[in-house]
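A quick note: this is a predicted structure, and the numbers were derived from the prediction, not measured.
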Amino acid sequence: MTIRVMLVDDQELLRTGFRMVLQSQADIEIAAEAGDGARALEVLAGTTVDVILMDVRMPRMDGVQATRRICLDESGAPRPDAPKVLILTTFDLDEYAFAALKAGASGFLLKDVPPTELVSAIRAVHAGDAVVAPTTTRRMIDRFADVLPVPQAVGGPPALSPLTEREREVFLLVAQGLSNGEIAAELTLSEATVKTHVGRILAKLGLRDRVQAVVLAYEAGLIKAGGHA
């Protein structure tokens, strides 16, 4: 299956570099390009795209606003048929990148990412995975805890009501940044069983990936800065 990619960045030279890397891959096609978020939305109205490489800081409409418009509907619920968005940042732990993750992005990459990692990341998000390691997500929460919204009572334990007791245990361990293997060891389960639990948790809570699970857990007050449950 060919992965249709859209490049959104106000620096034409950067788009050219990414295009050269990606066009060399047999399973990736550059479907569209745009120089800012507003133009990206216009192009998407008439173009089928699977994965978007989205810059953060752009004129007219930045990457956070564009990501929110692409990934979430008017009520803030995820759009199931939306393209996957990979945020491009210049600096690690860019506060805008974290905002974009909350807006529905599937992960973030630094602009100097090695070509092999860029290609792997695109394939990963196309397959439904996140490209931000859980520990990195937790580190982002630690970094920006002071500027994130205060957890609301409405997002507390009732937010996990669809989950079974075992699924809640798995969810909290995911939120603390544990890998499937680490969760399996913690709960004396097989990795395959943990993977099944994680898939069901994401489906029941309407989350696209583990990144959004960590964000939900923080906003619900289930974990605090430092990654503690």
Side-chain angles (χ1 to χ4, degrees), residues 3-15 17-19 22 30-113 118 121-122 124-126 128 130-132 136-137 140-141 143-152 155 205-216 218-219:
I3 305 172
R4 292 173 59 84
V5 174
M6 181 178 190
L7 306 176
V8 184
D9 196 299
D10 60 333
Q11 298 182 47
E12 185 174 354
L13 184 60
L14 225 139
R15 294 203 310 270
F18 284 136
R19 189 190 317 121
L22 299 178
I30 303 301
E33 295 185 32
D36 59 65
R39 179 57 183 158
L41 294 177
E42 294 171 1
V43 173
L44 281 174
T47 307
T48 300
V49 174
D50 300 311
V51 177
I52 301 172
L53 291 183
M54 180 79 74
D55 188 19
V56 175
R57 304 182 186 188
M58 297 180 290
R60 293 212 298 166
M61 180 184 292
D62 65 32
V64 176
Q65 291 175 294
T67 298
R68 187 175 295 109
R69 294 273 295 274
I70 292 166
C71 297
L72 306 178
D73 62 23
E74 291 77 7
S75 67
R79 298 181 189 272
D81 57 346
K84 304 297 176 62
V85 176
L86 271 173
I87 295 297
L88 299 171
T89 68
T90 304
F91 303 104
D92 195 7
L93 300 185
D94 188 322
E95 63 270 25
Y96 291 99
F98 185 86
L101 292 177
K102 290 183 61 181
S106 295
F108 79 100
L109 298 171
L110 297 181
K111 287 189 175 182
D112 60 356
V113 60
L118 173 65
I122 290 172
V125 298
H126 183 253
V131 298
V132 182
T136 303
T137 307
M140 293 176 73
I141 290 177
R143 168 67 176 80
F144 299 114
D146 292 340
V147 298
L148 291 174
V150 175
Q152 301 296 313
L205 298 182
L207 304 173
R208 294 180 66 166
D209 49 48
R210 299 169 79 107
V211 171
Q212 292 192 341
V214 177
V215 173
L216 171 64
Y218 174 83
E219 292 184 324

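You'll find the side chain of Leu53 reaches within 4.5 Å of the side chain of Ile122, heavy atoms only. The closest side-chain heavy-atom distance from Val8 to Val43 is not below 4.5 Å. For the pair Thr89/Leu110, a side-chain contact is recorded, criterion being any heavy-atom separation below 4.5 Å from C-beta on. Contact check for Leu118 versus Leu22: side-chain heavy atoms found under the 4.5 Å cut-off. Val56 has its side chain out of reach of Asp62: every pair of non-hydrogen atoms, C-beta onward, lies at least 4.5 Å apart.
Between Ile52 atom CD1 and Met54 atom CE the span is 5.0 Å, to the nearest 0.5 Å. Residue Arg39 holds its CZ atom at 8.5 Å from CZ of Arg60, rounded to the nearest 0.5 Å. Note that the CE atom of Met61 and the OG1 atom of Thr67 stand 10.5 Å from one another [nearest 0.5 Å]. For the atom pair CG of Leu88 and CZ of Phe108, the computed distance is 11.0 Å after rounding to the nearest 0.5 Å.
Judged purely by atom type and a 3.5 angstrom limit, Asp50 uses its side chain to pair as donor or acceptor with the backbone of Arg4. Panel note: side chain Arg79, backbone Cys71; no donor-acceptor pair is recorded below 3.5 Å.
Summarising the geometry of Asp36 relative to Pro59, their closest heavy-atom pair is CB-O, 3.2 Å, with the distance given to 0.1 Å. Shown here for Ser106 and Lys84, the closest heavy-atom pair between the two residues is OG-CD, 3.7 Å. Across all their heavy atoms, Gly35 and Met58 have their closest contact at O-SD, 4.0 Å.
In Glu42, the CD atom is crowded: over 12 heavy atoms of neighbouring residues, nucleotides or ligands sit closer than 6.0 Å. Counting non-hydrogen atoms of other residues, nucleotides and ligands closer than 6.0 Å to CZ of Arg15 gives a total above 12.
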For this session: Could you walk me through whether Asp55 and Lys111 pass salt bridge (charged side-chain N to carboxylate O under 4.0 Å, His left out), step by step?
Result: CA-CA 9 Å; Asp55 188 19; Lys111 287 189 175 182; 3.0 Å; yes

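Considering Ile70, Val51, Val125 as possible partners of Pro83, the one that fulfils the side-chain contact (heavy atoms from CB on, under 4.5 Å) test is Ile70.
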